[in-house]
Asks: 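Dropping a structure here in structure tokens format, bear with me for questions.
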Amino acid sequence: MSKSTPKSMVHKVLLLLLALVLALGVLPGFIGAEHAYADDDEVDSPFGIDLGSYTIDLTKGSKTISGETVGGFQNWWEESYYFDRAIERKVNSESSIDLDFDMDGTGDVRLDLSVSGKITIKELATNSILGSYTRKLTEEANADLNAMGENFYSQVTIKFAPRSLAKATVSGIKASYPWTGKEIKPVPALKLTLGAKTVSLKSGSDYTVSYRNNINVGTATITFTGKGNFTGTVEKTFKITAENVKPGFLRLSGDNRYKTAYAIADQLKKDYGVAQFTSACIADGRNYPDALAGAYLAKVKKCPILVTHPSLFAETVAYVKGNVKKGATVYILGGTGSVPNGIVTQLQAAGFKVKRLGGANRYDTNLLILKEAGGKNQDLLVTTGQDFGDALVASATGKPVLLTYGNALTTDQKAYVAAAQVKSITAIGNNALVSDGVVNDLKKYKAVTRVSGTTVYDRSLNIAKKFFPGNQPHINLADGRNFPDALCGGPLAVKKGGPLLLTDGSNGVNSKIRTYAKTAKATKATVYGGPASVSDATVKYILSMN
């Protein structure tokens with residue numbers, strides 16, 4: 001009340017107000033319930049006065065209703081909605097409500113209705129509580145209502161409660177699909193019964209779809225997650241089988257190791273289904289450590305590894321310009337002694353961001369690459385950094401690979417393993433390759449298992465058996481005698497699935513790979529390098545094509 005208003009006037013207002021409360025019951029049906037599938041629903045004022053009716057349909061967009069001179073008051077009211085998709089929803093509790101009463105033209109008394117149902121009568125000028133009234137609220141509501149008039153103003157705001165997808169029905173998913181070597185993505189349909197009607201939900205606005213294990217033979221999972229007016233998830237599974245698949249292989253090679261890298265990158269782009277990559281890795285083509293260490297980063301970034309040397313910088317930059325989005329980040333793997341700064345200047349001039357991951361030696365560079373890739377709770381593979389074979393095979397698992405040397409981990413390597421919180425650790429090779437001293441250091445962080453074998457070919461098979469159990473319709477093949485052909489193959493091998501197996505073309509090695517391929521039911525292979533590295537006869541023998 002204003003300070004000039006007599007106390008008796010306050011009491012009159014209060015008594016009149018309380019009389020109205022008691023006479024009209026204040027609040028029976030104080031909010032109009034909105035049902036998306038019922039027509040002509042009533043909208044009631046806080047005084048139980050019918051303000052009219054409205055109809056909500058299933059169309060997207062906004063809807064506004066209004067009326068005037070209703071229920072004996074000179075009222076104007078408006079109700080506005082925006083629906084991604086109109087549905088019937090209920091709320092668990094009512095929101096706070098303000099009721100402003102202008103009884104004498106000064107607008108000086110307000111009723112506050114709390115969630116608990118307590119009405120507090122306040123004097124606006126002093127915010128003093130003049131009285132209160134409590135009523136249990138049991139009404140369900142989910143509409144926004146504004147009612148204005150000569151004698152009162154009321155506003156109600158209720159939050160929507162999304163409907164769960166838990167009872168949605170899913171159609172359009174077959175029980176099984178043939179293996180193709182690529183992601184299998186069925187296009188399902190979701191329907192949900194709301195009230196008396198069943199509606200079709202829309203992907204992107206009502207739910208999102210994600211897939212898991214949908215490349216290789218086995219059981220794939222598709223997950224639907226509610227969005228907008230919907231919440232919760234629904235999961236469905238389907239089988240991927242390799243039955244009745246005709247054996248065959250894809251060979252990726254070029255005139256030299258650099259051209260082979262381009263061929264592998266082109267295939268990777270095709271398998272990802274993109275016109276351009278969003279990043280790229282570049283390493284020295286004259287040595288193996290940096291490129292092999294970069295396989296995990298390339299997998300995380302979904303990008304290729306390209307190899308180069310100073311006389312090919314212009315050619316490498318030209319390939320990047322044609323196949324990587326302008327403005328993207330290009331990672332230089334190794335220090336300036338491996339990949340000189342000349343290519344950095346050319347890439348920056350072409351509009352790319354450049355980040356060099358180069359340490360004092362291959363082991364420091366390895367750590368910088370692993371840290372850039374990020375991720376915790378991963379399976380860590382540990383190999384020698386003094387030869388390429390084990391690291392090459394390990395790179396195709398899609399797991400981080402730590403290169404080691406000597407009888408102990410370095411201080412920086414210990415810090416990395418501790419911070420990475422690895423899920424498991426596997427050392428590749430015997431004590432001569434990954435020393436017992438290194439293994440003992442690793443055991444301080446997690447139990448360590450070894451994958452051994454007399455030769456690099458035996459170890460490649462044993463890695464396959466450990467990390468690629470069961471049916472593997474696709475395998476990767478490379479020459480184990482030299483590194484150039486498969487140097488950049490890790491990211492593609494991860495994408496295509498299946499192990500990378502090394503061969504020297506001998507009957508003894510090939511027969512062991514053939515036995516594994518038969519057991520794994522492998523029918524397809526990707527071959528890295530030309531026939532001089534892995535001959536057609538070798539591949540056909542391994543796949544039992546002759």
Side-chain angles (χ1 to χ4, degrees), residues 183 210-213 215 265 268-269 271-272 274 276-283 288-306 320 324-325 327-335 338-339 344 347 352-383 385 391-404 409-428 438 441-442 444-446 448 467 487-495 497:
E183 287 186 286
S210 62
Y211 301 85
R212 189 168 69 249
N213 303 325
I215 297 178
L268 184 64
K269 185 173 65 173
D271 284 6
Y272 272 124
V274 297
Q276 290 185 307
F277 295 109
T278 55
S279 60
C281 295
I282 296 177
Y288 59 84
D290 298 336
L292 294 182
Y296 181 61
L297 175 62
K299 174 243 183 178
V300 170
K301 299 296 182 181
K302 297 183 178 180
C303 74
I305 298 175
L306 306 173
V320 172
V324 181
K325 291 182 178 179
T329 298
V330 177
Y331 297 93
I332 305 298
L333 309 181
S338 298
V339 185
V344 173
L347 287 167
F352 295 96
K353 300 173 185 175
V354 181
K355 186 169 187 178
R356 182 182 290 277
L357 303 171
N361 53 49
R362 65 186 63 182
Y363 306 101
D364 290 343
T365 295
N366 176 215
L367 288 178
L368 290 173
I369 292 170
L370 291 177
K371 291 175 182 178
E372 183 68 26
K376 294 184 178 181
N377 198 34
Q378 300 290 316
D379 300 308
L380 180 67
L381 276 61
V382 182
T383 75
L392 181 62
V393 174
S395 72
T397 65
K399 303 178 186 299
V401 178
L402 182 69
L403 303 180
T404 63
L409 292 177
T410 67
T411 300
D412 289 341
Q413 286 176 329
K414 292 177 182 178
Y416 167 76
V417 177
Q421 301 175 18
V422 296
K423 181 169 61 177
S424 70
I425 302 176
T426 301
I428 309 299
V438 166
D441 283 345
L442 290 167
K444 296 174 184 177
Y445 309 100
K446 192 68 66 172
V448 181
F467 293 104
L487 185 60
C488 303
L492 181 59
V494 173
K495 178 61 178 172

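Only a predicted model underlies this, so the values are computations on that prediction, with no experimental measurement involved.
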Asks: When rounded to the nearest 0.5 angstrom, what is the spacing between CG in Leu380 and OH in Tyr445?
Replies: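 Between atom CG of Leu380 and atom OH of Tyr445 there are 12.0 Å.
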Asks: Do the side chains of Asn377 and Gln421 get nearer than 4.5 Å, heavy atoms only?
Replies: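 Answer no - side chains too far apart.
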Asks: Which pair of heavy atoms, one from Ala360 and one from Asp364, lies closest together, and at what distance?
Replies: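 Heavy atoms of Ala360 and Asp364 come nearest at CB-OD2, 3.5 Å.
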Asks: How many angstroms lie between atom CG of Leu297 and atom CD1 of Ile305, to the nearest 0.5 angstrom?
Replies: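 If I round to the nearest 0.5 Å, the distance is 8.0 Å.
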Asks: Can you tell me how far the NZ atom of Lys495 sits from the NZ atom of Lys302, to the nearest 0.5 Å?
Replies: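 Reported to 0.5 Å precision, the distance equals 7.0 Å.
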Asks: How many angstroms lie between atom CD1 of Ile282 and atom SG of Cys303, to the nearest 0.5 angstrom?
Replies: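 Answer for the CD1-SG pair, Ile282 versus Cys303, is 10.0 Å.
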Asks: Determine whether a donor-acceptor pair (N or O, by modelled atom type, separation under 3.5 Å) exists between the side chain of Lys299 and the backbone of Gly398.
Replies: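 Flag set: sc Lys299 to bb Gly398 pair under 3.5 Å.
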Asks: State which residue, out of Leu333, Val339, Leu368, fulfils the side chain to side chain contact (heavy atoms under 4.5 Å, CB included) condition with Arg356.
Replies: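 It is Val339; the other options fail the test.
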Asks: Can you check whether Leu403 reaches Thr383 side chain to side chain, under 4.5 Å on heavy atoms?
Replies: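 In short, these two side chains touch, coming nearer than 4.5 Å.
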Asks: Would you please name every residue forming a side chain to side chain contact (heavy atoms under 4.5 Å, CB included) with Thr410, sequence neighbours left out?
Replies: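 Expected list: Asp412, Gln413.
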Asks: Output the distance between atom OG1 (Thr426) and atom CG (Leu442), rounded to the nearest 0.5 Å.
Replies: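 Between Thr426 OG1 and Leu442 CG, I get 10.5 Å after rounding to 0.5 Å.
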Asks: Restricting to non-hydrogen atoms, name the atom on Lys301 and the atom on Ser279 that form the minimum distance, rounded to 0.1 Å.
Replies: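 Smallest interatomic distance, heavy atoms only, reads CB-OG, 3.4 Å.
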Asks: So does Gly358 get a backbone contact from the side chain of Thr365, meaning a donor-acceptor N/O pair under 3.5 Å?
Replies: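 Checked: no pair found.
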Asks: Can you name the nearest heavy-atom pair linking Pro491 to Leu268, along with the distance?
Replies: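 Smallest interatomic distance, heavy atoms only, reads O-CD1, 4.0 Å.
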Asks: Might you point out which heavy atoms bring Tyr416 and Pro400 nearest each other, and give the distance in Å?
Replies: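 Closest approach of Tyr416 to Pro400, heavy atoms only: OH-CB, 4.3 Å.
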Asks: Find out whether Leu292 and Val401 are in side-chain contact, i.e. whether some heavy atom of one side chain is under 4.5 Å from a heavy atom of the other.
Replies: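 No, their side chains stay 4.5 Å or more apart.
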Asks: Please round to the nearest 0.5 Å and tell me the distance separating atom CZ of Phe467 and atom NZ of Lys399.
Replies: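 The NZ atom of Lys399 is 6.0 Å from CZ of Phe467, to the nearest 0.5 Å.
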Asks: Is the shortest heavy-atom distance from the side chain of Leu370 to the side chain of Tyr296 under 4.5 Å?
Replies: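 Leu370 reaches Tyr296 side chain to side chain.
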Asks: May I have the step-by-step check of side-chain contact (heavy atoms from CB on, under 4.5 Å) for Val422 and Gln378, ending in yes or no?
Replies: CA-CA 5 Å; Val422 296; Gln378 300 290 316; 5.6 Å; no
Asks: Do Val393 and Ile428 make a side-chain contact, defined as non-hydrogen atoms from C-beta onward lying under 4.5 Å apart?
Replies: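 A side-chain contact is absent here, since even the closest heavy-atom pair is not under 4.5 Å.
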Asks: Can you name the nearest heavy-atom pair linking Gln276 to Val324, along with the distance?
Replies: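 It is NE2-O, 3.6 Å.
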Asks: Excluding sequence neighbours, so at least two apart, what forms salt bridge (charged side-chain N to carboxylate O under 4.0 Å, His left out) with Lys355?
Replies: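 Lys355: salt bridge (charged side-chain N to carboxylate O under 4.0 Å, His left out) contacts with Glu372.
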Asks: With a cut-off of 6.0 Å (strictly less than), are more than 12 heavy atoms of other residues, nucleotides or ligands near NZ of Lys325?
Replies: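 Open.
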Asks: So which atom in Asp379 and which in Ser424 form the shortest heavy-atom distance, rounded to 0.1 Å?
Replies: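 Answer, listing the atom of Asp379 first, then Ser424: OD1-OG, 2.6 Å.
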